[in-house]
Structures are given as structure tokens and as C-alpha cells.
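Notes to accompany the following structure.
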Amino acid sequence: METVQSIKQRFEIIGNDPKLNRAIEKAIQVAPTDISVLVAGESGVGKESIPKIIHSLSHRKHGKYIAVNCGAIPEGTIDSELFGHEKGAFTGATGTREGYFEVADGGTIFLDEVGELPLTTQVRLLRVLENGEFIKVGSSQVQKTNVRIVAATNVNLFDAIEKGKFREDLYYRLSTVDITLPALRDRKDDIHLLFRKFAADFAHKYKMPPLKLDDNAISVLQKFRWSGNIRQLRNMAEQISVLETNRDISGSTLSSYLPQEGSNLPSVIKNKKSESDFSTERDILYKVLFDMKSDLHDLKKLTLELMKNGSAKVQEINTNLIQKIYGPKEADSEISFEEEPRNTTFNNHDEDTDFDENEDEFQFAETIEEEEVLKLEQREIEMIKKSLEKNKGKRKAAADELGISERTLYRKIKQFDL
Ligand SMILES: Nc1ncnc2c1ncn2[C@@H]1O[C@H](COP(=O)(O)OP(=O)(O)OP(=O)(O)O)[C@@H](O)[C@H]1O
């Protein structure tokens with residue numbers, strides 16, 4: 001019989017907090033049944049380990065385990081991902097496709113961020129939970145599957161129910177047993193343990209001596225709010241492991257890596273702009289993105305026409321567009337799309353001297369482009385962090401402020417590991 005201790009070892013779960021132990025104990029108890037489980041807890045508290053424990057201790061352990069991040073799949077394709085589709089069900093459905101519920105027959109599906117499911121998908125999910133039945137998109141044939149569902153949420157589903165975004169009947173079906181993982185700030189004694197574990201891992205990974213915290217540093221760790229929970233602690237441990245040459249870490253050194261009150265930016269990259277600058281920055285960023293998108297669109301249009309009509313015709317009918325993209329000077333001179341123009345680059349292999357110069361130019365242009373993209377990305381990360389901190393980690397409010405959907409914000413948090 002597995003014990004809480006042995007499970008912690010097997011799944012590398014660090015901590016001795018009673019609430020954490022209770023959560024693992026519940027997972028062990030419920031595992032042999034087919035009961036649906038809802039795992040709750042803030043983002044970054046370690047919810048993903050619970051369904052893995054449940055699956056590995058259940059009679060389904062030799063079956064498939066599929067983790068689906070409901071927040072990261074676009075609304076338009078989620079039904080097809082989960083339940084499959086028939087050939088011709090929609091544009092691009094060139095063949096029949098099995099969905100996760102068909103593939104995981106006999107196994108377990110972990111539905112992370114279940115509160116993000118569209119209402120129509122919730123109806124389909126309810127049906128699977130009630131009698132194991134589902135219908136592929138574009139089909140009329142009912143199929144059967146035998147899947148255990150473990151779902152997770154980091155938002156209060158009651159709020160979602162009140163707002164009409166989540167079905168109450170589905171909530172009760174999913175949460176036959178609920179397991180709540182505590183926030184890191186509520187398990188203060190585990191914080192130093194976790195930090196030591198991460199610091200040891202990173203010391204090994206980067207081949208550096210391990211970090212050592214003095215008492216002051218430990219108390220700074222324990223007093224901090226950790227709105228990003230264990231994920232945030234881990235990221236900070238990695239930063240310090242890489243950047244600090246002196247491996248004895250004092251309270252003030254540690255504080256310099258923590259976001260200051262009212263900000264989620266580590267002080268090393270924190271800038272001094274006031275909050276009122278925020279909307280301006282955002283506007284500029286969106287303007288830049290919009291311009292880039294519009295240029296890309298124009299270029300695509302030109303290329304397409306080039307393929308269809310050849311260069312002379314393209315120049316004739318696209319004078320304005322060519323001027324917009326290449327500027328008036330180039331547009332006035334004869335641009336040859338078939339032969340390489342002398343002052344553009346690519347592959348003029350016959351002329352050695354020109355080739356070298358031009359190749360440099362080309363690579364230089366590429367480097368600038370890459371740098372621009374990186375800068376843009378860094379700005380995006382900073383803005384998302386700022387907004388999340390300002391809104392105390394509430395994604396809905398942050399997404400509203402940023403002018404993007406919660407789903408997009410969720411994807412970006414995952415993408416940038418925020
Ligand atoms: N008790 C723990 N011991 C060691 N590492 C942990 C523990 N809990 C979580 N982690 C690590 O913290 C990170 C975040 O965990 P996880 O992805 O499970 O969080 P989550 O609650 O599912 O977050 P989200 O809701 O954003 O998906 C992972 O790298 C995970 O390995």
C-alpha cells in the first residue's frame with residue numbers, strides 16, 4: 001500500500017505541510033475508484049501531480065493518460081480535439097480523426113483549466129460523464145468510451161456558474177471528490193525546503209556550487225506573497241543560481257530578485273516608469289504589432305500576385321503597395337523580381353565582392369529583425385507581469401486590462417513560463 005511519503009518520493013513532491021499531505025492522501029484514497037475528481041488551487045501550486053498520482057494508482061494505470069489544457073486550445077477546435085471529427089465536418093477536415101476521449105478509452109483524461117471550456121463543449125462533456133457517450137463532430141453516430149476524468153481549475157467555478165459561464169450540473173459531476181492544494185504563502189515551512197531542492201537541481205544543471213541562504217534570506221522568502229506559487233519560486237531560484245557568483249545569499253541579495261510591492265517585475269528588469277505609462281506602452285506595442293501584421297499581409301498579397309502574374313504586371317497594378325513597402329525610391333526604379341536586384345542580397349553568387357558585402361547586409365538585417373522580435377517579446381512579458389501583479393494574479397482582470405482574451409493570456413503565461 002502506497003503511503004503519502006512514498007508517493008512524495010515517487011513524484012518528487014517536496015513539502016510537509018498538513019494540507020499538502022491531506023491532498024495527497026485523498027488522491028491515494030480515491031485512485032482505485034472511478035470517481036471524478038476536481039483539483040483546485042492557485043496557478044503554480046502543483047495541481048498537475050494529482051491526476052498523475054490518481055492514474056498511476058488506479059486499475060487504469062496501463063491505459064492511456066492524456067493531459068489536456070483546455071485553456072490553450074482555440075474554441076473552434078476544442079470539440080474536435082476532445083471528441084474527434086468526421087471527414088468533411090469542416091473546412092480542412094480531410095480525414096476522420098479520433099479525439100482524446102476515444103484514444104484514452106480505458107485510461108484517464110486530465111482536463112486542466114476546465115473552467116475555460118466553452119458551454120457547448122461542457123454539454124458534450126456532461127454526456128460523457130453521465131453515460132460514457134459522445135458524438136464526433138460532423139457525425140450522428142453515438143460512440144461509447146470508458147474514461148476516468150480528473151479536472152483542475154485555478155478559478156472559482158462558483159463565480160463562473162453565477163456568471164453563466166460554467167454549468168452547475170457539470171460542476172457537481174466533476175467534483176464528486178475535490179482536492180484542494182494550498183497556496184505557497186499558506187505553507188511557509190515548505191518554502192525553504194522547496195528553495196533548497198530547486199537550488200540543488202540548478203547547481204547540478206549549471207555545474208555551480210549550491211546556494212546557501214542566511215537566516216535573513218530565509219525570512220525574506222517566507223514573508224513574500226508568492227502570487228505565482230511554486231512556479232515563481234522555482235524561476236527565482238534559477239535566476240539566482242545562474243547570476244550570483246557569491247553563493248552565500250543574504251536577505252538583501254535575495255530581495256533584489258523579488259518583485260517589489262505593487263509590481264511583479266524582478267528589480268533587475270524593473271523600470272521606473274509610472275503606471276500611467278502602461279496604457280501608452282501597450283498602445284505602442286499594439287501599434288507596432290498591427291503595423292507588422294499589415295506589412296505581412298501586403299507582402300503575402302504581392303507574392304501571391306507575383307506567382308500568378310509575373311513581375312511586370314505586378315508592378316503595374318501595385319504601384320501604391322510597392323511604394324508603401326519598399327519606399328518611393330526603389331518603387332520608382334525598375335524592380336526585377338525574376339533576376340536578383342543588385343542592391344538586394346540573397347544569392348548573387350557570380351559576383352564575389354558584391355556577394356560578401358550583400359551577405360553581410362542580409363545577415364545584419366536578419367540580426368536586427370531577431371533583436372526586434374526579442375525586444376518586443378520582452379516588452380510583452382513585462383506588460384503581462386505588470387498587469388498580473390497589479391490585478392493580484394486575477395487573469396480575467398489582467399486580460400481585460402491588456403485588451404486580450406483570458407485564453408490568449410493563459411497561453412502566453414504558459415509560453416513564457418510566467
Ligand atoms: N510540491 C512540489 N515539489 C516540487 N515541485 C513542485 C511541487 N509542486 C509543484 N512543483 C513544480 O512547480 C511547477 C508548477 O506546478 P504545476 O504546473 O503542477 O502547477 P499548476 O497548479 O498545475 O499550475 P497551472 O494552474 O498554472 O497549470 C512545476 O514545475 C512543478 O514541477
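In each ligand, atom 1 is the first atom listed, and ligand 1 is the first ligand listed. Here, residue 1 is the first one in the sequence, and each next residue gets the next number.
Counting only heavy atoms, the protein never gets under 4.0 Å from atom 28 (C) of ligand 1.
With a 4.0 Å cut-off on non-hydrogen atoms, Phe198 touches ligand 1 through its side chain and not its backbone. Contacts between Glu12 and ligand 1, counted as non-hydrogen atom pairs separated by less than 4.0 Å, involve the backbone only.
Using a 4.0 Å cut-off to heavy atoms of Asn154, the atoms of ligand 1 that qualify are 25 (O). Every atom of ligand 1 is numbered from 1 in the order shown, and the set under 4.0 Å from a heavy atom of Gly46 is 8 (N), 9 (C), 15 (O), 16 (P), 18 (O), 19 (O), 20 (P), 21 (O). Atoms of ligand 1 found under 4.0 Å from any heavy atom of Tyr410 (numbered from 1 in listed order, with element): 27 (O). Atoms of ligand 1 lying under 4.0 Å from any heavy atom of Glu42, numbered from 1 in the order shown and given with element: 21 (O). Of all atoms in ligand 1, numbered sequentially from 1 with element shown, those under 4.0 Å from a heavy atom of Arg395 are 26 (O).
Checked against the 6.0 Å centroid criterion, the rings of Phe134 and Phe101 do not qualify as a close aromatic pair. Taking the six-membered ring where the residue is Trp, the centroids of Tyr171 and Phe158 are separated by under 6.0 Å.
Between Arg185 and Glu42 there is a salt bridge, since a side-chain N of the basic residue sits under 4.0 Å from a carboxylate O of the acidic one.
Nearest to atom 17 (O) of ligand 1 by heavy atom, out of Glu113, Arg231, Lys8, is Arg231. Nearest-heavy-atom check against atom 7 (C) of ligand 1 across Ile230, Leu418, Ile14, Thr153 picks out Ile230.
Residue Gly44 places a heavy atom under 4.0 Å from ligand 1.
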